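In listed order, ligands and their atoms are each counted from 1. Fair warning: this is a prediction, and the values are worked out from it, not measured in the lab. For this chain, numbers begin at 1 and follow the sequence in order.
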Amino acid sequence: MPGNAIEIEGLRKTYAGGQEALKGIDLAVPAGSIFGLLGPNGAGKSTLINILAGLVIKTAGRVRIWGFDQDVNPRQSRAAIGVMPQEPNMDPFFTPRGTLDTQAGLYGVPKAERRTEEILEMIGLTDKGDAYARSLSGGMRRRLLLGKALVHRPHVLVLDEPTAGVDIELRQMLWANVRRLNEEEGLTVILTTHYLEEAQEMCDEIAIIDKGELIVRDRTEALLSRLDGKTLVILPEGEAPDFAPPPGVTLERRRDGALALGYSRSETSAAEVLDAVRAAGITPRDVRSEEPNLEDVFLSLTGDRRKAG
Ligand SMILES: Nc1ncnc2c1ncn2[C@@H]1O[C@H](COP(=O)(O)OP(=O)(O)O)[C@@H](O)[C@H]1O
Ligand SMILES: [Mg+2]
């Protein structure tokens, strides 16, 4: 097993119309991880993923998938990856069983080694196995696309906005499958999503791209801890008296009577905030802290760039 499932160097894509979708991306995705590729609309996420999938031809740069250079070993690098694209492309006259079987054939999986039934079971389409694809609901088509990406037992699974516009049930089913494949089969997973909460929960590591450039890449916790702002929420014993927060600390009274004290970690410690509360004659009945979330990180990074132009 290579250390990195994917290695990208100096990746550029300029579309025929002159649109520079990727402006030189360097990125490594560790094998065995669940990796989130985030960024605003038009950032270049799908372009990058479609290059990995072999659906878009790169303008410049190097891509290695599972150690195989896309240009030197195209067949091996293609066999190592399975992609669930953002735009579903599906033959409406195929059945799910037929779709999976044909896809396996395209990848040269011998009949005896195909796992059509196992995949149908996993994506919950066993009883729809022989229905025409055009009769499937949107959610079922998505599930079939996931199944298609897995027929050749790839090392790397790439999901482009798999949960955009799908219901909660399908989302949970999708993530449960992704987690299980990652944990039990060691599958490396790369996903893009608009739902930052989802990325925060699912991904070990995250890269954010914006306007074709990589702006940050880090472990999810490390990314979250970059933000300096923190909030201590104190539920007082009884009614809280008037309280002027110390300098550098903001106070917001919540509806449930809690005091939310905002401070920056580099300037103030939680102990100082608590001391000030006690000094004001407030006895905390309950204390909890609110961490910054990925949305805050995202806005602070992409927002700053927008302001800068
Ligand atoms: N086939 C294409 N031809 C020309 N421009 C494209 C094509 N696909 C995407 N683009 C442009 O490239 C940029 C990145 O798009 P995309 O990779 O789809 O971003 P994302 O998936 O992050 O929303 C956008 O400006 C988009 O308009
Ligand atoms: Mg996209």
Checklist entry - For atom 27 (O) of ligand 1, is the nearest protein heavy atom closer than 4.0 Å? => result no
Next on the checklist: So is G39 touching ligand 1 or not, going by heavy atoms under 4.0 Å?
Outcome noted: no
Item to check | Contacting atoms of ligand 1, where contact means under 4.0 angstrom from a heavy atom of N41 | outcome: 23 (O)
Next on the checklist: To check you understand the geometry: which heavy-atom pair defines the closest contact between M84 and A149, and what is its length?
Outcome noted: N-CB, 4.0 Å
Checklist outcome for this item: Quick note on ligand 1: atoms under 4.0 Å from a heavy atom of A43 include exactly 19 (O), 20 (P), 22 (O)
Checklist entry - Side chains of R115 and L150: does their closest heavy-atom pair fall under 4.5 Å? => result yes
Next on the checklist: Tell me the protein heavy atom at minimum distance from atom 11 (C) of ligand 1, and give that distance in Å.
Outcome noted: Q19 CG, 3.6 Å
Next on the checklist: In terms of relative ring orientation, are H155 and W66 parallel, tilted or perpendicular, with 30° and 60° separating the classes?
Outcome noted: parallel
Next on the checklist: Any N/O/S atom, side chain or main chain, of N41 closer to the Mg ion (ligand 2) than 2.8 Å?
Outcome noted: no
Checklist outcome for this item: In V83, T188, L146, the residue satisfying side chain to side chain contact (heavy atoms under 4.5 Å, CB included) with L157 is L146
Checklist entry - Is a donor on one side and an acceptor on the other found under 3.5 Å between the side chain of R217 and the backbone of A28? => result yes
Checklist entry - For ligand 1, is G17 a contact, meaning one of its heavy atoms is under 4.0 Å away? => result no
Checklist entry - For ligand 1, does K45 get within less than 4.0 Å through its side chain, its backbone, both, or neither, judged by non-hydrogen atoms? => result both
Checklist entry - Do other residues, nucleotides or ligands put more than 12 heavy atoms under 6.0 Å from the CZ atom of R78? => result no
Checklist entry - Which residue holds the protein heavy atom closest to atom 15 (O) of ligand 1, what is that atom called, and what is the gap in Å? => result T47 OG1, 3.9 Å
Next on the checklist: Are the side chains of K23 and T14 in contact, using a 4.5 Å heavy-atom criterion?
Outcome noted: no
Next on the checklist: In the structure I gave you, are the side-chain heavy atoms of V29 and L37 within less than 4.5 Å of one another anywhere?
Outcome noted: no
Next on the checklist: Do L144 and L100 make a side-chain contact, defined as non-hydrogen atoms from C-beta onward lying under 4.5 Å apart?
Outcome noted: yes
Checklist entry - Who gets closest to atom 20 (P) of ligand 1 by heavy atom: G212, G18, G42? => result G42
Checklist entry - Taking non-hydrogen atoms only, is A16 closer than 4.0 angstrom to ligand 1 via side chain, backbone, both or neither? => result neither
Next on the checklist: Do I8 and L52 have side chains that approach each other closer than 4.5 Å (heavy atoms only, starting at C-beta)?
Outcome noted: yes
Checklist outcome for this item: Per-atom filter on ligand 1: closer than 4.0 angstrom to a heavy atom of P40 are 22 (O)
Next on the checklist: What protein heavy atom lies closest to atom 19 (O) of ligand 1? Include the residue and the distance to one decimal.
Outcome noted: G44 N, 3.1 Å
Next on the checklist: Looking only at distances, can you tell me whether any N or O atom of S46, backbone or side chain, sits closer than 3.5 Å to an N or O atom of ligand 1?
Outcome noted: yes
Next on the checklist: Which residue and atom name correspond to the protein heavy atom nearest atom 1 (N) of ligand 1, and how close is it?
Outcome noted: Y15 CE2, 3.6 Å
Next on the checklist: If I take every N, O or S atom of T47, is at least one of them less than 2.8 Å from the Mg ion (ligand 2)?
Outcome noted: no
Next on the checklist: Which of the numbered atoms in ligand 1 are under 4.0 angstrom from any heavy atom belonging to A21?
Outcome noted: 12 (O), 13 (C), 14 (C)
